[in-house]
Amino acid sequence: MTPLTSLTPSRATALVVARRIAIALTFVIVLLRPGFGQADVAEQVADVDVLVVLDRTRSMAALDHAGREPRLRGVQEDLAALAEELPGARFALLTFGAESRLTLPFTTDVAAFGAAVETIDLERPREGSGSSAGRPVPEIVEVLERADAQQPGRRRVVVFAGDGEDTTTDGEGQSYEDVAELVVGGAVLGYGTTEGAVMPASDDLGDGSGLVEDPATGGDAVSRADPENLEEIASQLDVRFLERTGPGGIDEVVDSFGASYVNGERGDGRPAAHDLTWLFGLLLLGLVLLELRAGWLAVWRSQDALLPAGRETS
């Protein structure tokens, strides 16, 4: 390679200009993030609000889901799958037991929704006042009406998750037909069996610390699911009822929502499967280092030129 000092002034100037043009062009290419191929990304839901209504009474601890798992574990698995199937949707979580409460307002933060679902605390034994699937209806209506007032253009669906067991008449007069007027779809997910199962008394839902006692008999209390009650709720909402006995099948629920989709993350298009930005970044680094070296040599030569005759820089 010809040393820089041996180049004619015109040729040296041309090389400097070419190098600086190359730096500018490479910098622009890096900003464009070049690549080839298309990576598979989940489609983003643009227009759906999903209100999840979750039963947190002690009966959801009954050990009859997918063998001998607590019903709540099945709910948590299904809701995690639901959030994965609906990226970009807004989720809210309303839980009910002795009282109904909005645990998580509508948000697109899937991590926050997942954390809210994973940290659900069931009512402790004898803490509640009995189960009633109709109890949360007024709160559901209030949440949906407020959401419609804030963002009227969005589609709203309700996903009810519970065992349908009613052990009190509280909320008996409430009808989910009032909710149906405010949503465009949804699903009722039923957990547990009609044969029923015992319920762990501990907060971690393990049966090693004892079971819930039936105060009437002194023996172990048994919770029995009521699918007929859940079917009635689904009928009032005009949505599908699905008995949940294990993982899988949540995609069928999502298909029934009739959601609208846009491709790519936040509508920016699909990312490249093979990103070449790093390669052009290395090229840019090499060109910048050459420019710095040339500048340092120019400064060094200028110092030599300014020294009195007969003196050299050390």
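None of these values were measured; they are calculated from a predicted model.
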| Flag if over 12 foreign heavy atoms under 6.0 Å of CG, Asp251 |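 It does: Asp251 CG has more than 12 such atoms within range.
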
With a 6.0 Å cut-off (strictly less than), is the heavy-atom count around CD of Glu118, excluding the residue itself, greater than 12?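 More than 12 heavy atoms, drawn from other residues, nucleotides or ligands, come within 6.0 Å of this atom.
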
In the structure I gave you, are the side-chain heavy atoms of [X] and [Y] within less than 4.5 Å of one another anywhere?
| X | Y | result |
| --- | --- | --- |
| Phe113 | Thr108 | no |
| Ile250 | Arg244 | yes |
| Ser100 | Leu94 | yes |
| Leu122 | Met199 | no |
| Leu72 | Gln76 | yes |
| Arg68 | Val198 | yes |
| Leu189 | Phe160 | no |
| Thr194 | Pro227 | yes |

Which of these passes side chain to side chain contact (heavy atoms under 4.5 Å, CB included) with Glu145: Val141, Val143, Asp148?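 Only one of Val141, Val143, Asp148 forms a side chain to side chain contact (heavy atoms under 4.5 Å, CB included) with Glu145, namely Val141.
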
Using the rule side chain to side chain contact (heavy atoms under 4.5 Å, CB included), only one of Leu182, Val183, Val179, Asp178 pairs with Ile140; which is it?
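It is Val179; the other options fail the test.
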
For this session: Could you please spell out the steps behind the side chain to side chain contact (heavy atoms under 4.5 Å, CB included) verdict for Arg19 and Leu287?
Result: CA-CA 7 Å; Arg19 184 174 61 242; Leu287 291 170; 4.3 Å; yes

Can a salt bridge be assigned to the pair [X] and [Y] using a cut-off of 4.0 Å between side-chain N and carboxylate O?
| X | Y | value |
| --- | --- | --- |
| Asp49 | Arg146 | no |
| Arg20 | Glu291 | yes |
| Arg73 | Glu77 | no |

(message) Does either side chain, that of Asp78 or that of Tyr191, offer a donor lying less than 3.5 Å from an acceptor on the other one?
(response) yes

> Is a donor on one side and an acceptor on the other found under 3.5 Å between the side chain of Gln236 and the backbone of Tyr176?
Replying inline: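 A pair under 3.5 Å: yes.
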
**Q.** Trace of the side chain to side chain contact (heavy atoms under 4.5 Å, CB included) decision for Ile120 with Leu93
**A.** CA-CA 10 Å; Ile120 287 294; Leu93 179 63; 3.8 Å; yes

Flag yes if Leu205 and Leu79 sit in one hydrophobic cluster, no otherwise; membership is Ile, Leu, Val, Met, Phe, Trp, Tyr, and two members link when side-chain heavy atoms are under 4.5 Å apart.
yes

- Query: Under a single-linkage definition using a 4.5 Å side-chain heavy-atom cutoff for Ile, Leu, Val, Met, Phe, Trp and Tyr, are Leu242 and Val254 assigned to the same hydrophobic cluster?
  - Reply: yes

*Among Arg56, Arg71, Arg58, which one satisfies salt bridge (Lys or Arg N to Asp or Glu O under 4.0 Å) with Asp163?*
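Among Arg56, Arg71, Arg58, the one that satisfies the salt bridge (Lys or Arg N to Asp or Glu O under 4.0 Å) with Asp163 is Arg71.
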
Would Val188 and Val239 count as a side chain to side chain contact (heavy atoms under 4.5 Å, CB included) if you check the C-alpha gap in whole Å, the side-chain angles of each, and the deciding distance to 0.1 Å?
-> CA-CA 7 Å; Val188 173; Val239 300; 4.0 Å; yes

